[in-house]
Amino acid sequence: MRILGVNAIFHDPSAALVVDGQVVSAAEEERFSRRKHGKRPVPFAAWELPEQAAAWCLESAGLRPEDIDAVAYSFDPRLSRPADEQGLDDPWDHLRISYAQRAPGFLAAALPGLDPAAVRYVPHHVAHAASAGLAAPYPQSSVLVLDGRGEAVSHLAGRYAGAGLEVLASQALPHSLGLLYEDVTEHLGFLRSSDEYKVMAMASYGEPRFLPELREAIYPTGDGGFRTESVEWAALAKRLGKGERWTQDHADLAASVQRRLEEVLLELVRWLQRSTGDSVLTMAGGVALNCVANTRIAAEGPFDHVWVQPAAGDAGTSLGGALHVAATEGEPVVPMAGADLGRGWTDDETEAWLLTAKVPYERPPDIADAVATCLAANGIVAWFQGRSEFGPRALGRRSLLAHPGYAVNLERMNEVKGREQFRPVAPMVLAERAPDIFGRGPLPSPYMLFVHDVAPGWRDRIPAVVHVDGTARIQSIDRHAEPLVGRMLERFEARTGLPVVVNTSLNTAGRPMVDDPRDALECFGSAPVDALAIGPFLVRRNRWP
Ligand SMILES: [Fe+2]
């Protein structure tokens with residue numbers, strides 16, 4: 001079967017294509033439209049579809065809309081209820097439901113030839129769950145989904161044994177750990193359902209001194225669910241406007257919310273493991289992008305293995321929805337092999353972009369070795385290789401790279417990207433060298449969804465990637481799965497003695513990650529980057545170094 005997955009309801013609109021149980025492609029609309037997160041998560045934007053991402057998924061597989069057997073839409077309006085009945089303060093929510101009801105017609109209009117009767121509604125949290133339990137490389141797992149909200153719940157705890165999902169618990173709205181975290185994100189002057197990771201980063205600068213208050217308001221109920229009573233945030237720390245300076249109170253509030261989230265999550269996973277007796281936990285939903293919480297779940301929770309969907313936010317529900325329909329139809333579902341599910345270009349196509357842009361370039365004998373040389377000379381390199389990543393992390397396809405041995409390179413990277421100075425950058429490391437340098441978090445860690453302690457002897461050697469609390473959010477590189485990145489790391493180590501480079505996403509503040517060669521050239525043209533490695537080609541600024 002050819003199944004198109006579509007996420008359009010809240011934010012991070014995306015499309016995915018699953019053929020005969022195998023994930024063929026997946027991409028977020030933002031990479032095409034160049035609008036971060038695709039759209040704002042407001043009810044009156046729910047009609048907007050991932051039109052370009054869906055069209056690309058079909059086109060790249062040589063399919064026409066009429067060839068599609070089923071469309072999985074990752075929200076089921078039949079499960080929703082009026083917002084006021086659900087305790088939600090959202091006077092326009094009925095628009096969202098109404099647009100979801102009309103999605104088959106909208107989809108048929110956006111993709112002429114598509115049969116509107118092929119559209120199937122997949123409950124939002126079932127789509128998240130499938131993106132974890134069916135995409136993970138385990139035949140059986142307990143699955144935990146937590147996000148802001150779906151139709152009427154904010155959570156699902158269950159189990160995949162074979163292709164079928166057994167739901168064991170779900171938490172009705174308005175109680176929501178995701179919405180709670182979004183509330184505090186907004187209170188701290190950041191953009192809700194976008195900047196939650198900044199709260200997590202800020203938390204490491206604070207002390208959790210508001211925990212007693214939060215423990216009273218946010219607590220597990222012993223049956224797999226939880227309560228989130230409303231919290232008077234302003235009584236704990238003054239509300240911040242956009243860009244306003246934060247104080248210790250704000251860092252302490254972030255630390256308290258983060259710590260309480262971790263405590264409740266640990267209770268939920270303990271309950272789940274008692275119910276299933278499983279050894280593997282798979283996770284998805286926006287809350288599962290919280291790598292600090294994931295690390296505590298892996299380190300202190302009862303499961304032996306924890307696997308998190310790299311596109312854990314709503315983007316991943318297009319992939320999960322399509323996998324769910326495939327499994328429901330009895331197709332053998334193949335776990336996803338990696339997150340490189342987006343667009344890619346041949347060497348000839350890439351060279352044509354460079355010729356069109358009249359940019360001087362060279363073709364070194366080995367681009368990995370040439371980049372290692374640039375990095376060893378302390379250059380910042382934009383790295384554009386292969387198919388783009390699905391999900392919010394740069395995983396060696398669309399990255400900005402730098403030398404980790406100079407503390408000032410954290411500042412340089414944040415300057416290139418035009419973002420806050422408290423934001424950390426992350427290391428990529430050869431998988432076989434990771435255990436010598438990074439502890440506590442699970443290894444291997446290919447998707448940057450956990451944090452690790454940096455061994456004391458290494459903190460001074462790679463200061464750019466060591467966070468203020470002595471941790472780092474690593475990506476381990478398997479040189480067989482990622483030969484080009486592996487070779488670049490190996491050559492860098494040969495020159496510097498460090499099997500680690502700084503890796504952050506290739507984009508500037510407020511923009512989506514670079515996706516196509518034009519984006520790469522535009523980013524290179526406007527940001528203080530020394531070289532661009534695009535396919536086998538190297539573009540050096542002013543013939544640097
Ligand atoms: Fe979600």
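Every number for a ligand or one of its atoms is a count from 1 in the order of the listing.
In summary, D515 and R343 engage in a salt bridge, as defined by a charged side-chain N under 4.0 Å from a carboxylate O.
Partners of R159 according to the salt bridge (Lys or Arg N to Asp or Glu O under 4.0 Å) rule, which considers only residues two or more places apart in sequence or in another chain, are D278. Listed by chain and number, the residues in a salt bridge (Lys or Arg N to Asp or Glu O under 4.0 Å) with E59 amount to none (sequence neighbours excluded). Applying the side-chain contact (heavy atoms from CB on, under 4.5 Å) rule to A509 yields no partners; only residues at least two apart in sequence or on another chain are considered.
For the atom pair CD of Q86 and CD of E151, the computed distance is 9.5 Å after rounding to the nearest 0.5 Å.
Here F10 and F75 bring their ring centres to under 6.0 angstrom of each other.
Around the Fe ion (ligand 1), protein atoms of type N, O or S found under 2.8 Å number 4.
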